[in-house]
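Positions are given from 1 along the sequence. This structure is a prediction, so every number in the text was calculated from the model and none was measured.
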Amino acid sequence: MDALRHRHGRLSELDALRGLGALCVLIFHYSTRFHELFPQAAHVPFSFPGGNYRVLLFFTISGFAIFFTLDRIHTVGDFVVNRFARLYPAYLTAMVLTLGVEYLAHATRLLIGPAAILANVTMLQGFAFMPEVDGAYWTLTVEIAFYFCMIGLWKFVGLRRLEPALAGWLALRWLWWLWPDMPERLIMLLVLRYAPFFILGMLAYRLWSGQRTAWQQAPYAALALLSLATMETWDVALMGVVLLVTFLALIRGRLRFLAFRPLLWLGGISYSFYLIHQHVGFVVMLELAQAGYSPWIGFAAAFLVALSLGFAINRLVERPAAEAILGWWKRRRHARLQVARALPTGG
């Protein structure tokens with residue numbers, strides 16, 4: 001148990017997994033997805049089937065990493081501001097850049113209408129069933145719904161009784177299986193399609209932090225895998241097993257071989273990189289294909305552009321904006337606390 005107790009500082013292997021997942025998603029989009037959307041354009045002569053499975057890795061990481069936020073907050077406002085500071089500035093920047101590139105390149109196949117663009121400004125377009133500025137943004141709808149669920153669990157259930165609540169969450173998923181006409185927005189808000197992956201990450205964190213033992217978590221992990229086995233295709237269920245084994249290896253310190261500098265660097269910028277890579281990369285590949293360049297050059301150029309823009313957004317927007325917003329919130333909370341202490345007490 002002591003070997004699994006919470007270690008201070010950043011878990012570098014988690015960053016490495018983020019970087020690996022981002023790289024796999026990019027390869028999927030630049031090979032398989034690009035060819036699906038633009039079959040007439042020259043493309044690299046390979047496909048990367050199953051690339052979308054790597055998104056399930058992101059969801060499992062989110063389940064693990066959500067406690068890095070929950071362990072630091074005191075109010076629902078703390079949580080909302082923390083998530084806003086972390087997600088929105090980089091998202092808005094990437095969205096504006098993506099739109100600019102699409103309009104300059106006249107990429108009509110990728111453009112969406114003004115109403116949909118306005119919906120995208122809110123980050124809530126998925127709940128309104130409106131198209132995204134960039135197709136990669138669909139995962140943000142899932143993440144936001146997950147945050148909604150987690151703040152509900154944190155506020156009304158508490159983390160001490162978390163695992164039984166997770167079993168109840170899986171029970172709701174089986175209810176959806178028995179009630180196929182369940183309203184789509186309810187399915188989205190309760191994250192019923194992807195709940196087992198978030199849950200596997202949460203169970204892994206509780207084990208890693210020393211709050212639970214492997215024997216205590218095993219029944220709940222089995223329930224999550226059973227939910228996948230009964231409701232999903234065999235390949236998605238297999239991914240659940242693979243991710244469970246991966247996170248067990250992570251918390252046992254067996255993934256340290258992944259923690260080499262390039263992958264850690266990519267993991268550090270993975271959010272901004274993910275936001276900017278897809279449509280901007282498609283435009284780069286289309287332009288170079290029309291100019292007669294080899295699709296390999298287009299692939300490499302798109303990759304370098306995505307890396308450069310992802311790095312720039314991370315360093316110039318994502319990090320400083322998050323620090324500024326969280327600093328403002330901390331000062332505001334401190335000032336309100338000082339005012340409350342200064343008020344005369346009744347007596």
Inset, instruction - Treating Ile, Leu, Val, Met, Phe, Trp and Tyr as nodes and any side-chain heavy-atom pair under 4.5 angstrom as an edge, say whether Val284 and Leu104 lie in one connected cluster. - result: no

Inset, instruction - Establish whether Leu304 and Ile297 are linked, either directly or via other cluster members, by ILVMFWY side-chain heavy-atom contacts under 4.5 Å. - result: no

Inset, instruction - Would you tell me whether Glu163 and Gln217 have side-chain atoms, one donor and one acceptor, within less than 3.5 Å of each other? - result: yes

Legend entry - Test item: Met150 and Phe148 side chains (from C-beta on) under 4.5 Å apart, heavy atoms: no

Legend entry - Minimum heavy-atom distance between Leu263 and Ala16, given as atom pair plus value: CG-O, 3.5 Å

Legend entry - Within one Ile-Leu-Val-Met-Phe-Trp-Tyr cluster: Tyr88 and Met130, side-chain cutoff 4.5 Å: no

Legend entry - Under 3.5 Å: donor-acceptor pair, side chain of Arg206, backbone of Met202: no

Legend entry - Arg72 bridged to Asp78 by N-O distance under 4.0 Å: no

Inset, instruction - Could you tell me whether the side chain of Asn120 and the main chain of Pro131 form a donor-acceptor pair under 3.5 Å? - result: yes

Legend entry - Modelled atom types, side-chain donor and acceptor of Trp265 and Asp15, under 3.5 Å: no

Legend entry - Between Tyr147 and Ser62: side-chain donor-acceptor atoms closer than 3.5 Å: no

Inset, instruction - Hey, could you give me the CG/CD1 distance between Leu243 and Ile61, rounded to the nearest 0.5 Å? - result: 9.0 Å

Inset, instruction - Kindly give the heavy-atom pair with the smallest separation between Leu264 and Ser12, and that separation in Å. - result: CD2-O, 3.1 Å

Inset, instruction - Return yes if some donor-acceptor pair links the side-chain N/O of Thr32 with the main-chain N/O of His29 below 3.5 Å, else return no. - result: no

Inset, instruction - Mind running side-chain contact (heavy atoms from CB on, under 4.5 Å) on Leu266 and Leu20 for me, showing each step along the way? - result: CA-CA 8 Å; Leu266 184 57; Leu20 185 61; over 6 Å; no

Legend entry - Cation-pi check, Arg54 onto Phe28 ring (under 6.0 Å, within 45° of axis): no

Legend entry - 4.5 Å side-chain heavy-atom contact, Phe79 and Ile66: yes

Legend entry - Short side-chain to backbone donor-acceptor contact, Arg161 and Val157, under 3.5 Å: yes

Legend entry - Where Leu316 and Pro320 come nearest, the two heavy atoms and their spacing: O-CG, 3.2 Å

Inset, instruction - Measure the CZ-CE distance between Phe38 and Met285 for me, rounded to the nearest 0.5 Å. - result: 8.5 Å

Inset, instruction - Could you tell me whether Glu143 and Arg83 have a side-chain N and a carboxylate O separated by less than 4.0 Å? - result: no

Legend entry - same_hphob_cluster(Phe64, Val241) at 4.5 Å side-chain heavy-atom cutoff: yes

Inset, instruction - For the residue pair Thr230 and Trp177, establish whether any side-chain heavy-atom pair is separated by less than 4.5 Å. - result: yes

Inset, instruction - Measure the CG-CZ distance between Leu162 and Arg160 for me, rounded to the nearest 0.5 Å. - result: 13.0 Å

Inset, instruction - State, yes or no, whether a side-chain contact exists between Phe247 and Val242 at a heavy-atom distance under 4.5 Å. - result: no

Legend entry - Output field: ring centroids Tyr137/Tyr91 closer than 6.0 Å: yes

Inset, instruction - Decide side-chain contact (heavy atoms from CB on, under 4.5 Å) for Leu225 and Leu200; before the verdict, give the C-alpha distance in whole Å, the side-chain angles of both, and the deciding distance to 0.1 Å. - result: CA-CA 9 Å; Leu225 294 179; Leu200 288 173; 4.3 Å; yes

Inset, instruction - Identify the two heavy atoms, one from Ala301 and one from Leu288, that lie closest to each other, and give their separation to 0.1 Å. - result: CB-CD1, 3.5 Å

Legend entry - Pairwise salt bridge (Lys or Arg N to Asp or Glu O under 4.0 Å) hits with a residue in residues 182-196, at least two apart: Glu184-Arg193

Inset, instruction - Kindly give the heavy-atom pair with the smallest separation between Gly268 and Asn314, and that separation in Å. - result: O-ND2, 3.3 Å

Inset, instruction - Spell out, as yes or no, whether a donor-acceptor pair under 3.5 Å connects the side chain of Thr122 to the backbone of Ala119. - result: yes

Inset, instruction - For residues Phe34 and Val44, determine if any side-chain heavy atom of one lies less than 4.5 Å from a side-chain heavy atom of the other. - result: no

Inset, instruction - May I ask you to say whether Glu232 pairs ionically with Arg173, meaning some side-chain N is under 4.0 Å from a carboxylate O? - result: yes

Inset, instruction - Please report the shortest heavy-atom distance between Met95 and Val121, naming the atom on each side. - result: CE-CG2, 3.7 Å

Legend entry - Nearest-0.5 Å distance that lies between atom OG1 in Thr139 and atom CD1 in Ile144: 9.5 Å

Inset, instruction - Check step by step if side-chain contact (heavy atoms from CB on, under 4.5 Å) holds for Val25 and Phe58. - result: CA-CA 10 Å; Val25 169; Phe58 289 145; 3.9 Å; yes

Inset, instruction - For Leu223 and Trp174, run side-chain contact (heavy atoms from CB on, under 4.5 Å): C-alpha distance rounded to whole Å, both residues' side-chain angles, the deciding distance at 0.1 Å, then the answer. - result: CA-CA 11 Å; Leu223 280 177; Trp174 273 305; 4.2 Å; yes

Inset, instruction - Keeping the roles fixed (side chain from Trp169, backbone from Leu192), state whether a donor-acceptor pair exists under 3.5 Å. - result: no

Legend entry - Pair Asp134-Tyr274, side-chain donor/acceptor within less than 3.5 Å: no

Legend entry - Straight-line distance of Thr75 OG1 to Arg333 CZ, nearest 0.5 Å: 7.0 Å

Inset, instruction - Check whether any side-chain heavy atom of Phe48 lies under 4.5 Å from a side-chain heavy atom of Cys24, and answer yes or no. - result: yes

Legend entry - Side-chain heavy-atom pair Phe282, Tyr30 within 4.5 angstrom cut-off: yes

Inset, instruction - Compare all side-chain heavy atoms of Leu23 with those of Phe273 and state whether any distance is below 4.5 angstrom. - result: no

Inset, instruction - Give, for atom CZ of Arg18 and atom CD of Glu13, the distance between the pair rounded to the nearest 0.5 Å. - result: 12.0 Å

Inset, instruction - Look only at the side chain of His35 and the backbone of His43, and say whether a donor-acceptor pair between them is shorter than 3.5 Å. - result: no

Inset, instruction - Tell me whether Phe198 is reachable from Trp154 by hopping between hydrophobic residues (I, L, V, M, F, W, Y) whose side-chain heavy atoms are closer than 4.5 Å. - result: yes

Inset, instruction - Among Glu318, Arg315, His277, find the one that has a side chain to side chain donor-acceptor pair (under 3.5 Å) with Ser272. - result: Glu318

